[in-house]
There are 2 protein chains.
Amino acid sequence: MKSRIRQDAIIRMLRRNGTSTIQALAEEVGTSRRTILRDLSSLRDEGYVIHSDVGRGGGLQLDPQSIRTTISLSVPEVFALLISVAAMRAAGNLPFSELADTGLAKIEKSLPADRVKDLRALLERLHIGQLSPLQNLSDMGKIDRGLLPTFETAFLQREFIRFAYRDAKGQRTQREVEPQAMLILPPLWYLVGWDPEREGFRHFRMDRISNSETVAGTRFRRRHVPFEEDVCPYSEVLKRTG
Amino acid sequence: MKSRIRQDAIIRMLRRNGTSTIQALAEEVGTSRRTILRDLSSLRDEGYVIHSDVGRGGGLQLDPQSIRTTISLSVPEVFALLISVAAMRAAGNLPFSELADTGLAKIEKSLPADRVKDLRALLERLHIGQLSPLQNLSDMGKIDRGLLPTFETAFLQREFIRFAYRDAKGQRTQREVEPQAMLILPPLWYLVGWDPEREGFRHFRMDRISNSETVAGTRFRRRHVPFEEDVCPYSEVLKRTG
DNA sequence: ACAAAAGGTGACGGTTTTTGGCACCGTTCT
DNA sequence: AGAACGGTGCCAAAAACCGTCACCTTTTGT
């Protein structure tokens with residue numbers, strides 16, 4: 001794993017100096033000419049574009065566009081990034097959505113296959129409404145940091161989610177529902193769940209949820225959540241947010 | 001690099017089985033108990049949280065929250081993600097912005113130090129206006145894919161940017177300006193540049209820019225772009241978008 | 001109380017991978 | 001022609017890696 005450090009050093013120097021020779025790199029890094037050549041080869045394999053002028057007075061040049069960076073992310077972080085970009089795309093025109101998309105495609109590609117399937121299932125349950133000018137922008141409170149991971153694991157493992165809810169009138173209740181989808185009507189975010197007691201879909205504003213946790217040992221099936229305007233189970237939400 | 005494969009296999013089995021012993025892992029992977037222990041150690045170093053119950057009937061358990069994934073991104077992709085999240089945060093309340101932020105912080109951390117300085121400078125020049133209900137949402141056309149990388153390199157290397165522009169009346173002109181900032185008034189995006197000929201700031205709607213390129217050999221200094229409402233050089237933009 | 005089953009550490013020698021040195025090739029500039 | 005470049009193949013030395021063994025602590029079953 002020491003080669004990684006050396007290769008980073010090479011990239012740094014090429015970036016700094018603009019152009020350089022193998023000799024110079026070898027001396028600065030403190031290794032042999034041969035090793036530098038090997039490192040250049042693997043860097044090129046990894047996608048770095050390094051031009052080389054052969055012959056006297058020649059040297060190496062790194063194409064700055066080809067610089068890549070590797071990041072290590074946790075799954076909630078990946079999910080947060082995914083929904084950020086997804087929401088952004090749906091909300092307004094996002095000029096660079098293509099680029100963001102290729103970034104996201106790479107994220108997907110790097111995940112284990114089963115994980116991708118999971119995320120796909122999750123994103124399918126992410127419903128994003130049109131940005132409406134009628135909304136009160138300052139109406140959204142802070143959302144509990146733990147809600148996203150909880151929703152994610154609950155949804156994927158098909159376990160019920162339990163939380164404390166404070167409704168519009170300020171009344172507090174304890175809920176235990178099947179997490180079915182997330183509804184985004186910027187800037188308001190809702191958790192959509194099936195309430196087995198009331199035998200119906202219910203929506204919960206995320207900033208009014210607290211103490212969320214999955215309920216171990218439970219198991220539900222994912223329901224078809226109708227999202228057409230007519231049968232939208234939270235059309236009242238749409239009205240209320242006006 | 002063989003150890004990477006082995007460690008991935010270990011993670012996979014821990015994810016699948018929920019709980020497992022070192023013995024079982026060693027047999028399944030086809031290696032020795034000692035090597036598994038070494039791998040566990042380096043996995044823990046990398047940030048995986050693996051609980052271990054010592055004593056008879058004990059075993060290993062992987063904290064699913066700690067699963068990480070590594071991605072390799074190009075700089076334009078990173079920048080696209082950054083501005084996506086930044087714009088999203090500013091446009092509406094983004095519930096999971098904290099998580100997205102830690103993701104972005106990691107992206108920053110993984111970049112070379114000078115690169116971070118560059119990106120900071122860029123993001124400082126990213127001005128995001130409040131979402132206004134007066135805007136015509138369907139008014140934004142597609143933005144040329146190459147514009148972002150061009151703006152990025154031009155801004156960072158302080159080179160002029162040259163492009164073809166089609167103004168509101170449909171008239172086409174060729175421009176050559178100092179790229180100074182980006183202005184986002186969702187869903188409209190503007191490039192703000194100092195035009196040396198006209199000796200003043202000019203704004204250009206990004207979807208009206210085409211054939212953008214940096215002008216080699218030129219060099220400008222970054223100017224202070226006043227963004228206070230009163231002195232805003234594109235207050236007329238704000239009016240016109242109404 | 002004792003043995004078995006579990007995680008964890010340290011040391012040593014063999015095996016595999018990485019690295020350095022060398023000879024050599026093609027190209028370009030002086 | 002010769003020097004200064006990048007690039008390739010080969011082999012021995014160096015370093016990293018891996019398996020074995022011996023041993024320790026904790027927990028649980030009998």
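What's counted below: heavy atoms across the whole structure, side chains too, no hydrogens, waters or symmetry copies. In what follows, chains carry the letters A, B, and so on, assigned in the order in which the sequence lines appear, proteins first and then strands, with residues in each chain numbered from 1.
- Among the heavy atoms of the strands, none lies under 4.0 Å from B/Ser41.
- Phosphate contact (OP1/OP2 of C/dT19, side-chain N/O of A/Ser32, threshold under 4.0 Å): absent.
- In this structure, A/Arg38 atom CZ and C/dT18 atom P are separated by 10 Å, rounded to whole Å.
- Aromatic ring orientation, A/Phe155 versus A/Phe151: parallel (interplanar angle below 30°, classes split at 30° and 60°).
- Note: CZ (B/Arg34) to P (C/dG14) measures 19 Å, nearest angstrom.
- With rounding to whole Å, A/Leu40 atom CG is found 13 Å from C/dT19 atom P.
- Residues satisfying the side-chain contact (heavy atoms from CB on, under 4.5 Å) criterion with B/Glu27, sequence neighbours excluded, are B/Gln23.
- Interface remark: the B/Arg33 side chain does form a donor-acceptor pair with the C/dG8 base, using a distance-only criterion of under 3.5 Å.
- The base of C/dG7 lies outside donor-acceptor range of the side chain of B/Arg56, with no N or O pair under 3.5 Å.
- Residue A/Leu62 comes nearest to A/Arg15 through the heavy atom pair CD2-CG, 3.8 Å, listed as atom of the first residue, atom of the second, then distance.
- Checked against D/dG6, C/dG8, C/dG20, the side chain of A/Leu60 finds its nearest nucleotide in D/dG6.
- Take the nearest nucleotide of DNA chain C for A/Thr31 and for B/Gln23: the residue whose nucleotide is more 5' is B/Gln23.
- Within the nucleic acid shown, B/Ile22 comes within 4.0 Å of sugar-phosphate atoms alone, with no base atom in reach, counting heavy atoms only.
- Screening B/Arg175, B/Arg202, B/Arg223 for a salt bridge (charged side-chain N to carboxylate O under 4.0 Å, His left out) with B/Asp195, the sole residue that qualifies is B/Arg175.
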